[in-house]
Amino acid sequence: LGGALITVIAGHVNALSPRVARLELGIDKTAGARRELRIALVSDIHLGTVIGNGRLRRLVAMVNAERPDVVLLAGDIVDEDIGRVVRDNLGETLRTFEAPLGVYGITGNHEYIGGRVGSTVQYLEQHGVTMLLDRVVLVDSSFSLAGRVDRSGQRIAGTPRLPLSDLLKNSDRAKPLILLDHQPFELEAAAAQGVDLQLSGHTHHGQLWPFNLITNRVYEQSWGYLKKGDTHFYVSSGYGTWGPPVRTGNRPEIAVITLRFD
């Protein structure tokens with residue numbers, strides 16, 4: 001019993017101690033006049049009951065201290081209940097992200113579990129997050145950024161998502177192409193479509209040991225960096241937690257990825 005108590009306390013402290021994971025990658029494409037791009041990737045914040053304004057302010061401060069060019073939120077921004085987010089006015093804290101090229105996000109499974117995905121997306125858009133739901137945008141005339149509807153949308157809300165080939169068919173492949181997809185399944189599809197960098201989350205890398213042993217079997221990449229062909233992949237362990245604010249076996253993180261273009 002004492003050992004279990006110590007583990008829970010240590011896991012709680014760990015869950016409150018996010019790290020910054022840094023990665024530098026080269027992409028053999030030109031991006032207009034831009035020689036490099038600094039990305040702050042945050043996934044699985046789970047705003048709501050467990051993650052309130054205090055931890056969100058800390059997240060924003062950590063991200064802003066890294067001076068990113070763009071902030072990318074890779075799904076599960078909200079933990080099901082948008083009502084709590086609205087009541088606590090968390091949107092005003094989201095507005096304080098500082099990134100000259102903007103803040104972009106996608107849905108994860110939890111936005112659909114809450115049953116109010118339309119209201120959630122609208123609220124995030126109203127508070128400075130450009131949501132990419134099966135949409136591709138050209139940013140700064142330098143790189144294409146694509147975001148997918150989460151694969152849970154069809155099962156939970158009847159919201160289908162486009163096949164990746166259809167989503168990307170009109171994108172300019174001469175420019176760098178970055179893809180946000182919450183759940184890191186079917187990585188070979190992104191590699192086949194010539195995506196340069198795919199960013200995902202969702203797994204929490206198990207969150208509680210030994211569940212990381214399960215996520216390692218379910219996902220080709222449960223956490224961290226992988227390269228398939230010419231495509232780079234990064235799966236974040238996430239910032240927040242699902243359920244109890246406890247993590248054992250891995251750290252919560254913000255990923256700062258510097259892309260250098262040739």
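The shown structure was predicted, so the numbers you read here are calculated from the model rather than taken from an experiment.
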> In terms of hydrophobic clusters joined by side-chain contacts under 4.5 Å, are Ile82 and Ile156 together?
Replying inline: yes

> Does a donor on one side chain sit under 3.5 Å from an acceptor on the other, for Ser171 and Arg173?
Replying inline: yes

> Linking I/L/V/M/F/W/Y whenever any side-chain heavy atoms sit under 4.5 Å apart, do Ile77 and Tyr239 land together?
Replying inline: yes

> Does a sphere of radius 6.0 Å around CZ in Arg35 hold more than 12 heavy atoms from other residues, nucleotides or ligands, not counting ones at 6.0 Å or beyond?
Replying inline: no

> Can you list the residues that meet the ring-ring contact (aromatic ring centres under 6.0 Å, His included) rule with Tyr123, with sequence neighbours excluded?
Replying inline: His127

> Got a sec, which pairs hit salt bridge (charged side-chain N to carboxylate O under 4.0 Å, His left out) with one end in residues 160-169, sequence neighbours left out?
Replying inline: Arg161-Asp181

> Taking atom types as modelled, is there a side-chain donor on Ser152 or Gln183 under 3.5 Å from an acceptor on the other?
Replying inline: yes

> Does a side-chain heavy-atom distance below 4.5 Å link Asp76 with Asn109?
Replying inline: yes

>> Within a 6.0 Å radius of atom CZ on Arg67, are there more than 12 heavy atoms belonging to other residues, nucleotides or ligands?
In response: no

> Is the closest side-chain heavy-atom distance between Ile178 and Leu37 below 4.5 Å?
Replying inline: yes

>> Looking at every heavy atom in both Gly201 and Pro184, which two are closest together, and how far apart are they?
In response: O-CD, 3.5 Å

> Can you find a pair of side-chain heavy atoms, one from Phe261 and one from Asp196, that are under 4.5 Å apart?
Replying inline: no

> Got Ile254 and Val63 here, is their nearest side-chain heavy-atom distance under 4.5 Å?
Replying inline: yes

>> For the residue pair Ser236 / Glu253, report whether a side-chain donor-acceptor contact shorter than 3.5 Å exists.
In response: yes

> Do other residues, nucleotides or ligands put more than 12 heavy atoms under 6.0 Å from Tyr219 OH?
Replying inline: yes

> At their closest point, which heavy atom of Ile106 faces which heavy atom of His182, and how far apart are they?
Replying inline: CD1-N, 3.4 Å

>> Atom CG of residue position Asp230 - does it have more than 12 heavy atoms of other residues, nucleotides or ligands inside 6.0 Å?
In response: no

> Rounded to the nearest 0.5 Å, what separation is found between the OG1 atom of Thr241 and the CG atom of Leu16?
Replying inline: 8.5 Å

>> Under 4.0 Å between a side-chain nitrogen and a carboxylate oxygen: does that hold for Asp172 and Lys175?
In response: yes

>> Could you report the tightest heavy-atom contact between Asp150 and Thr107, atom names first, then the distance?
In response: N-OG1, 3.3 Å

>> Ignoring hydrogens, what is the shortest heavy-atom contact between Glu111 and Thr120? Give both atom names and the distance.
In response: CG-CG2, 3.9 Å

> With a 4.5 Å limit on heavy-atom distance, are the side chains of Leu59 and Ile45 in contact?
Replying inline: yes

